[in-house]
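Worksheet: the structure to be examined is printed underneath.
Residue numbers run from 1 in the order of the sequence given. Order of listing sets the numbers, starting from 1, for every ligand and every atom in it.
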Amino acid sequence: MSIQVFGLPVSRGVAIGRAVLVASSRVDVAHYFVDASEVESEVLRLRDARDEVAAELTTLKAEVSEESHAELAALLDVHLMMLHDEMLAEATKQWIIERHYNAEWAMSAQLEVLARQFDEMEDDYLRERKADLEQVAERILKALARVADPLASSGVHGVPRDFAGEDPLILVANDIAPADMLQFKRSVFTGFVTDVGGRTSHTAIVARSMDIPAVVGAREASRIVRQDDWLVIDGDAGVLIVNPSPIILEEYRFRQRQSEVERARLNRLRHTPSVTLDGQSVELLANIEMPRDAGAVIDAGAVGVGLFRSEFLFMNRGGNLPDEDEQFIAYREVVEALKGLPVTIRTVDIGADKPLERMSAHELRHEHTLNPALGLRAIRWSLSEPEMFGQQLRAILRASAFGKVRILIPMVAHLSEVHRVRQALDRAQAELRARGVPFTDVELGAMIEVPAAALMLPSLLRYFDFVSIGTNDLIQYTLAIDRADEAVSHLYDPWHPAVLHLIAQTISQANALGKGVCVCGEMAGDPAFTELLLAMGLRSLSMHPAQVSSIKQRVLRCDARALSSYLPTVLEADAPQDACAALMRQR
Ligand code: PEP
Ligand code: MG
């Protein structure tokens with residue numbers, strides 16, 4: 001039976017494929033296909049891992065029996081029994097043989113199947129055995145990590161490998177952390193669905209940057225969907241269709257083809273200068289997460305990087321932060337790829353929905369119990385880690401010798417922070433000078449993400465060369481709703497008059513003072529806001545590379561001067577969205 005599940009649209013387009021259910025805690029398990037010639041050795045790898053766990057459990061059992069812990073010994077017997085049960089051992093093997101999944105993926109796929117069966121059991125005792133099963137699977141996954149994986153050293157984990165006849169796959173999970181999304185970039189999946197998350201959570205942002213259809217905040221999705229179900233993700237409407245009828249499937253295949261044609265058409269605008277009908281030039285920049293995204297910036301026809309979210313360099317490293325040299329190499333890679341076009345590097349924005357693995361138990365406890373979005377995040381965290389901050393500033397400054405680099409500071413709210421940032425920058429420059437390392441003057445910018453910063457803009461601009469409006473956080477902090485929480489996502493409203501006033505005021509004050517101003521939050525890449533932002537006087541927008549062409553198309557059709565006369569009506573309206581739509585219709 002076909003079921004529709006409603007969530008939040010994240011990334012445009014349609015994805016059609018088979019469901020792969022993954023427990024959130026196992027999203028980071030490697031997912032890749034093994035070649036037909038490798039199936040046998042992969043099955044052996046699984047068997048070796050299982051044997052290792054069996055030996056481990058048998059030894060443990062002997063130890064506890066000696067100490068006469070009868071209950072523990074009985075539990076280990078249950079684990080040993082599960083380990084050899086056909087439903088785990090044999091069925092996992094079949095995922096490798098029939099689907100060519102790598103052993104870890106096969107294990108977690110079978111675990112999901114069995115976990116469902118346990119959940120549906122009437123008997124409490126049996127239902128509770130699910131935890132035992134998970135412990136056994138966990139042991140096997142750990143053992144697999146130890147049993148030599150021939151692909152591990154080649155670094156090809158997660159890379160789709162040719163496997164003729166394989167259907168496209170869609171990942172379904174309760175949650176995916178932003179750090180895990182980075183792995184997704186090189187994975188076998190063509191789309192994903194999560195139960196939790198908001199439209200501008202960082203998980204959603206990374207999905208958008210990869211231009212893969214996705215739905216977040218689909219609440220019950222991972223419970224409703226079964227392993228292998230056919231799924232359609234309608235990324236425009238935020239709808240997931242489970243087991244669509246043949247007619248619906250055909251309709252979506254048609255829409256998929258249409259959007260490919262539309263993409264190809266928009267792509268032709270790549271080299272067209274972004275200028276309005278009345279001759280106003282509008283700078284379209286790109287947002288990136290990793291150095292390897294630099295190619296997409298050039299391909300999209302963006303004229304620079306408006307936001308390099310450098311914190312993604314700090315993720316998936318088991319807490320070992322990149323040192324000055326490693327960061328310098330990463331920044332230089334982007335700067336060189338951009339060949340003289342500006343690269344705006346934001347200093348790390350760690351915290352909130354992007355915690356670091358190395359955070360202490362104390363910090364993590366606070367992350368979970370207090371309010372991480374209001375905690376030690378972004379520049380607050382950097383200033384609390386002066387050594388790390390110094391390394392990052394020196395690395396960025398060194399990259400400036402290879403092109404045009406700008407530094408952007410996230411979540412500025414206090415002048416005291418500004419002074420400390422300036423001091424840290426002066427110190428970093430002095431250290432490089434003392435070492436005889438070349439660098440050039442870099443512009444320093446502030447992200448306007450906290451209402452306090454927008455309200456004191458003239459004071460801030462005494463110390464900054466430019467500002468970039470981070471609308472994702474500005475909305476979160478103005479409306480007091482967590483951007484990553486689907487329970488309040490209906491209150492996340494970029495059209496809220498208070499938000500629009502803060503944005504309009506920031507743009508006009510920066511323009512009046514002759515300072516650069518850009519919008520780099522998700523509003524910049526949403527065509528619904530292009531006219532309004534131009535009407536506010538904005539001439540620089542930074543977005544995901546995949547969004548550049550459609551925003552450019554919008555810019556090319558605008559008369560900026562005429563638009564500016566609409567602004568007061570929209571800003572004074574109770575429902576700015578309706579007012580804006582009405583004015584656009586009159587044009
Ligand atoms: C923003 O807040 O709008 C922004 C661009 O930064 P991030 O989404 O990374 O918080
Ligand atoms: Mg932000």
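- Not a single N or O atom of Glu522, backbone or side chain, sits closer than 3.5 Å to an N or O atom of ligand 1.
- The distance from ligand 1 to the heavy atoms of Arg377 drops below 4.0 Å at these ligand atoms: 10 (O).
- A centroid separation of less than 6.0 Å is found between the aromatic rings of Phe529 and Trp495.
- When the N, O or S atoms of Asp473 are ranked by distance to the Mg ion (ligand 2), OD2 comes first.
- The Mg ion (ligand 2) has no N, O or S atom of Asp349 inside 2.8 Å of it.
- Here the protein heavy atom with the shortest distance to atom 7 (P) of ligand 1 is His202 NE2, 3.2 Å.
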Test side chain to side chain donor-acceptor pair (under 3.5 Å) on Tyr331 and Glu336 and set out the steps. CA-CA 9 Å; Tyr331 303 144; Glu336 288 186 337; over 6 Å; no

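- Using a cut-off of 4.0 Å between Lys/Arg side-chain N and Asp/Glu carboxylate O, Arg557 and Glu531 are scored as not salt-bridged.
- For ligand 1 and Gly470, the ligand atoms under 4.0 Å from any heavy atom of the residue are 1 (C), 2 (O), 3 (O).
- With a heavy-atom cut-off of 4.0 Å, Arg309 touches ligand 1 through its side chain alone.
- Atoms of ligand 1 lying under 4.0 Å from at least one heavy atom of Met447, given by number and element, are 4 (C), 5 (C), 6 (O).
- When hydrogens are left out, the protein atom nearest atom 2 (O) of ligand 1 is Glu449 OE2, 2.8 Å; that is the closest non-hydrogen contact.
- For Arg380, the CZ atom counts as densely surrounded, since its 6.0 Å shell holds more than 12 non-hydrogen atoms of other residues, nucleotides or ligands.
- Contact annotation: for Asp349 versus ligand 1, heavy atoms closer than 4.0 Å belong to the side chain alone.
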Can you list the steps and then say if Val421 with Ile379 is a side-chain contact (heavy atoms from CB on, under 4.5 Å)? CA-CA 9 Å; Val421 166; Ile379 190 57; 3.7 Å; yes

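- By the 4.0 Å N-to-carboxylate-O rule, Asp473 lies close enough to Arg377 to be salt-bridged with it.
- Ion pair Asp325/Arg398 flagged as a salt bridge, since at least one NZ, NE, NH1 or NH2 atom sits closer than 4.0 Å to an Asp/Glu carboxylate oxygen.
- Proximity to Cys520 (heavy-atom distance under 4.0 Å) selects the following atoms of ligand 1: 5 (C).
- Using a 4.0 Å cut-off between a side-chain N of Lys or Arg and a carboxylate O of Asp or Glu, Glu311 and Arg346 qualify as a salt bridge.
- The heavy atom nearest to atom 10 (O) of ligand 1, out of those in Glu311, Arg483, Glu289, is found in Arg483.
- Atom 6 (O) of ligand 1 has its closest protein heavy atom at Arg346 NH1, 2.9 Å.
- Under a cutoff of 6.0 Å and an axis angle of 45°, Arg422 and Tyr463 do not form a cation-pi pair.
- The Mg ion (ligand 2) is closest to atom OE2 of Glu449 (considering only N, O or S atoms).
- Interface of Ile205 with ligand 1, defined as ligand atoms under 4.0 Å from a residue heavy atom, comprises 8 (O).
- For ligand 1, the atoms sitting less than 4.0 Å from at least one non-hydrogen atom of Leu307 are 5 (C), numbered in the order shown with element in parentheses.
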